[in-house]
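Lettering of chains follows the sequences in order, A, B, ..., and the numbering in each one begins at 1. Predicted model only: the values in this text are computed from it and were never measured.
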There are 2 protein chains.
Amino acid sequence: MQLVFLESAVSIDRRSGCPINLSLEVFGDRWSLIILRDMIFGGRRHFRELLNGSLEGIASNILADRLKRLMELGLLTKADDPSHKQKAIYSLTEMAITLVPIMAQLGAWGRVWLPVTEELSIRAELLEKGGPPLWNQFMDELRHEHLGAPSKAPPGTPTVRQQLRAAYDEVVARKAEMPSV
Amino acid sequence: MQLVFLESAVSIDRRSGCPINLSLEVFGDRWSLIILRDMIFGGRRHFRELLNGSLEGIASNILADRLKRLMELGLLTKADDPSHKQKAIYSLTEMAITLVPIMAQLGAWGRVWLPVTEELSIRAELLEKGGPPLWNQFMDELRHEHLGAPSKAPPGTPTVRQQLRAAYDEVVARKAEMPSV
DNA sequence: CAATCTGATTGCATTTTGCAATCAGTTGCA
DNA sequence: TGCAACTGATTGCAAAATGCAATCAGATTG
């Protein structure tokens, strides 16, 4: 940690000005992207939701550290929850919302080459098949949720997250019916 | 490190079967993707080329460790160099070649949000503008280079790597002419 | 007023990382 | 023949990151 990064208080190495290197310096660790994944696809906004909801079992000190770091890097913001004076709501910034295409490509690649489970990869499959139009719809929904942007969705259309959720539930239900398959 | 990963000798945690998580377990570190970037975009094939050529200055023990790991994960293969009995040539596998879209998206995102330098981001810009057709052409070229696949390129067309290199050289030349801009 | 829930923080042992130095075998050249 | 340079690594060591368990104080609920 040596050079000041942008105008924020976070410092990162800046080993080089290569975009791939700089991106790696932002999420080249085992947890940052997992947290963002849970916020983007799981809709989690609170510390406890992220702590207990994650399949991978992040430790609370690491979660606290990464949330702080992601805020300093400009990927998250934090606000008070009106319903509970100690509760904080974390929001994605535009910078984080535009990670959706990267998440989609990562998911698509992992689905092909790594030992994914069916119920957890159905979402990646849907996202891949939907392509950039679906990614854009999803990003618009996230802007509505997290940035208060006006919703562009025609009323009555299911949200992308609902579609992903429905596909997941369907696989889980099918697997429960036919446990041997 | 607990569970055996695929059929290889490498073991990784398998914290969950989520494709994004598994992808992160493959390159959720600061060096693996840098090495693959230098092989894909820089055309590097030897230990020394990777060691001395990288802008970020990887240490030799880390390079050795990551090359071994990437081989065990199925992203690289190693072969003897006929010209030198101690020299090894590293090749990308299909698994690694299909990272091109991820690299392109990472580069595009980093170019927008991080303090990249112009000469290092021109390639990301070109790759973004070229879109999937250019990515596919590039992947075909890599298959030809690394897997011995027949070349699909019409004779006389510049390779994608040549195009990227030319764009980089142009920026460097322009900046040398007008150092104040 | 006690139990529970909130978002953390602390201490500590283990693991991973990164730098510097070093290694033995191979090659090129005088 | 001899020796320097180059090959792909390996080793030792200090520093940093990680992960677990315990703990915290304030807010809310029953």
Q. Are the side chain of A:His46 and the backbone of A:Ala88 linked by a donor-acceptor contact shorter than 3.5 Å?
A. yes

Is any side-chain heavy atom of A:Leu92 closer than 4.5 Å to a side-chain heavy atom of A:Leu76?
yes

Of B:Lys87 and A:Trp31, the one whose nearest nucleotide on DNA chain D sits closer to the 5' end is B:Lys87

Separation of C:dG18 atom C1' from A:Glu25 atom CD, nearest Å, is 14 Å

Heavy-atom nearest nucleotide on DNA chain D taken for B:His46 and for A:Gly57; more 5' hit belongs to B:His46

With sequence neighbours left out, the residues meeting ring-ring contact (aromatic ring centres under 6.0 Å, His included) with B:Phe41 are B:Phe138

B:Leu24 CG to D:dT18 P, in whole Å, measures 13 Å

B:Leu63 CG to D:dT11 P, in whole Å, measures 16 Å

* Shared hydrophobic cluster, A:Met103 / A:Leu73 (ILVMFWY, side-chain heavy atoms < 4.5 Å) -> yes

To the nearest angstrom, the CG-P distance between A:Leu50 and C:dT6 comes to 12 Å

Atom CG of B:Leu67 and atom P of D:dT7 are separated, to the nearest Å, by 15 Å

Per atom distances to the B:Lys78 side chain, the nearest of D:dC20, D:dA9, C:dT17 is D:dA9

Considering only heavy side-chain atoms of B:Ser60, the closest of C:dT9, D:dA9, C:dT17 is D:dA9

Any N/O pairs under 3.5 Å between the protein and nucleotides 28-30 of chain D? List them or say none.
{"from": "D:dT28", "atom 1": "OP1", "to": "A:Lys85", "atom 2": "N", "distance (Å)": "3.3"}

In whole angstroms, the gap separating P of C:dG18 from CG of B:Asn61 amounts to 9 Å

| field | Full working for side-chain hydrogen bond (donor to acceptor under 3.5 Å, both in side chains) between A:Ser23 and B:Trp109 | value | CA-CA 8 Å; A:Ser23 297; B:Trp109 185 86; over 6 Å; no

Are B:Asp140 and B:Arg143 within salt-bridge range, i.e. N to O under 4.0 Å? yes

Taken to the nearest whole Å, CD1/B:Ile62 to P/D:dG8 is 18 Å

- Is the distance from OP1 or OP2 of D:dT18 to the nearest side-chain N or O of A:Arg66 less than 4.0 Å? yes

Between CZ of B:Arg48 and C1' of D:dA5 the distance, given in whole Å, is 10 Å

Would you indicate whether the side-chain heavy atoms of A:Gln162 and A:Glu141 approach each other to under 4.5 Å? no

